[in-house]
Number of protein chains: 2
Amino acid sequence: MATNRKLRKISDSTIHRLSIYYRALLALEKEGYDTISSKELAKREKLTPAQVRKDLSFFGSFGTRGLGYPVKQLMQEIAEILGINRAWNVALIGVGNVGSALVSYKEFAKQGFVIRLIFDNDQRKIGSNHKGIIVSDVADMASLIPEHNISIAVITVPGSAAQKVCDGVIESGVRAILNFAPVNLRVPNDVFLRNENMAIELEHLSFSLRNQEPMIAE
Amino acid sequence: MATNRKLRKISDSTIHRLSIYYRALLALEKEGYDTISSKELAKREKLTPAQVRKDLSFFGSFGTRGLGYPVKQLMQEIAEILGINRAWNVALIGVGNVGSALVSYKEFAKQGFVIRLIFDNDQRKIGSNHKGIIVSDVADMASLIPEHNISIAVITVPGSAAQKVCDGVIESGVRAILNFAPVNLRVPNDVFLRNENMAIELEHLSFSLRNQEPMIAE
DNA sequence: TAACGATTGTGAAACCATTCACAAATATGA
DNA sequence: TCATATTTGTGAATGGTTTCACAATCGTTA
């Protein structure tokens, strides 16, 4: 059981790596491993053994000295820590290119994130069927979102509309948002916001390429 | 001019924020601002004034004491630092749901990232036209990528195929990769890799929701 | 059952990023 | 032209994350 220890300030990086460990363990299980050492796990993910152990130690002690961590069990522990050992109802707002792609994205549902509602403000899209889900009018968010017990909203509308949509979903009671629009959304302190901004990632690559040669001057 | 100072170890966070500043400045310019203080800029992006100044100071001194930073000029400086004051040729590998969405994504080209080539291994897709670009066979990467002067590869193939595709584009001379496949790619040290993994972001949200109440036990 | 090798869990040390605080520089208004 | 208010740029202080290093523990083998 994922223990309730004093899990006060867990850093974003640690949570991020937990996701990475989880994927690694999935692969290890498939490959037939029963146990895995922090050393081996770290090597696979280009991390350090100490980091793996420290990350896990925030949540409990899951390993056996001299042996390592039990693959299956650790997977379950991490799933529980991350909250992915259950289903979350998701609403998708905006059925443009990105939105449509996400509806068909299988990894989504595999991890327990189930798209229950799809919204758009385009009359031509409202009522249409996307993978079995009828597109609703954004105007109906306030009633539909609580009704369907939605925990997470995924925003895939154009940047210009994003803040308004964001305010709307929060109004409807959503407290976790994944934003694909290329803008910085403003949310209250009790709302969790994550951004997926491919322009920023490309700019990072562009920076790296431009500064390839360490550029030591002066 | 973006100066060539001793820009040795710039942290990822700083580069990330540079992208954020750039977007903020775009908006400020539209709103008619000529200058902006670190205080104001920080307030808009929920950062601290000191952070803004420190970030910028790694690259030069662009402000005027008592006044602030000139909006237009600072934008250009950052564009130069990030390397987005020019065009980069991009190849897209994999025309599934995500790949198709990216081809139509306008922000892409706006920032100077121009998709020149599209690859797939599905015979039914090869030869088809996506927004004016004919889909090529992945088997032809080795010749086409150098020919078209591609700097960045965007990988949108299923996880199972991603590592092989990754090895292929590196073989063809690409040194910057944006990976959408939900796997940890292995690349040599001189290749820049960024990951866009929406499952991980969702898991982060899931973690936050699950631990909403600080969970102080023991 | 005892001895050995392996590996965890974790304080302490080292490292890195952020914030503080203030001198230096500039704009502005009298 | 001078005094005042503002804001930058940056060393120093702080706070946070990663790595180190080792005692504690366990499996294995003789």
Atom pairs, N/O to N/O, protein against nucleotides 15-19 of chain D, distance under 3.5 Å?
from	atom 1	to	atom 2	distance (Å)
D:dT18	OP1	A:Arg17	NH1	3.1
D:dT18	OP2	A:Arg17	NH2	2.9
D:dT18	OP2	A:Gln51	NE2	3.4
D:dT18	O5'	A:Gln51	NE2	3.3
D:dT19	OP2	A:Thr48	OG1	3.1
D:dT19	OP2	A:Gln51	OE1	3.4

Can you list the residues that meet the side-chain contact (heavy atoms from CB on, under 4.5 Å) rule with A:Glu201, with sequence neighbours excluded? B:Leu178, B:Arg194, B:Glu196

Would you be so kind as to tabulate the donor-acceptor pairs closer than 3.5 Å made by side chains of residues 161-170 of chain A, with sequence neighbours excluded?
from	atom 1	to	atom 2	distance (Å)
A:Gln163	OE1	A:Arg186	N	2.9
A:Gln163	NE2	A:Asp167	OD1	2.8
A:Gln163	NE2	A:Arg186	O	3.2

Within the structure, does a side-chain N or O atom of A:Tyr69 lie under 4.0 Å from either OP1 or OP2 of C:dA6? no

Counterpart residues, side-chain contact (heavy atoms from CB on, under 4.5 Å), relative to B:Asn197 (two or more places apart): A:Arg23, B:Pro182, B:Ala199, B:Ile200

Under the side chain to side chain donor-acceptor pair (under 3.5 Å) test, which residues partner B:Ser11, sequence neighbours left out? B:Thr14

Salt bridge (charged side-chain N to carboxylate O under 4.0 Å, His left out) involving B:Glu107 - partner list, sequence neighbours excluded: B:Lys110

Length of the CZ-P vector between B:Phe62 and D:dT8, whole Å: 14 Å

Take the protein atom CZ of B:Arg53 and the nucleotide atom P of C:dA24, then report the distance between them rounded to whole Å. 16 Å

Scan for salt bridge (Lys or Arg N to Asp or Glu O under 4.0 Å) pairs involving residues 39-51 of chain A, sequence neighbours excluded, and state none if there are none. A:Glu31-A:Arg44

I'd like to check the side chain to side chain donor-acceptor pair (under 3.5 Å) partners of A:Ser151; sequence neighbours left out, ordered by chain and number. none

Has A:Ser206 got a side-chain atom pairing as donor or acceptor with B:Leu82's backbone, closer than 3.5 angstrom? yes

Looking at residues at least two apart in the chain, or sitting in another chain, which of them share a side chain to side chain donor-acceptor pair (under 3.5 Å) with A:Asn179? A:Asn195

Would you kindly give the NZ-to-C1' distance between A:Lys39 and D:dA21, to the nearest whole Å? 16 Å

What residues in residues 25-36 of chain B put a non-hydrogen atom under 4.0 Å from any atom of DNA chain D? none

Would you mind writing out the side-chain donor-acceptor pairs for residues 90-104 of chain A within the sub-3.5 Å range, not counting sequence neighbours?
from	atom 1	to	atom 2	distance (Å)
A:Ser100	OG	A:Gly96	O	2.6
A:Ser104	OG	A:Ser100	O	3.3

Close N or O pairs between protein and nucleotides 26-29 of chain D (under 3.5 Å):
from	atom 1	to	atom 2	distance (Å)
D:dC26	O4'	A:Arg65	O	3.4

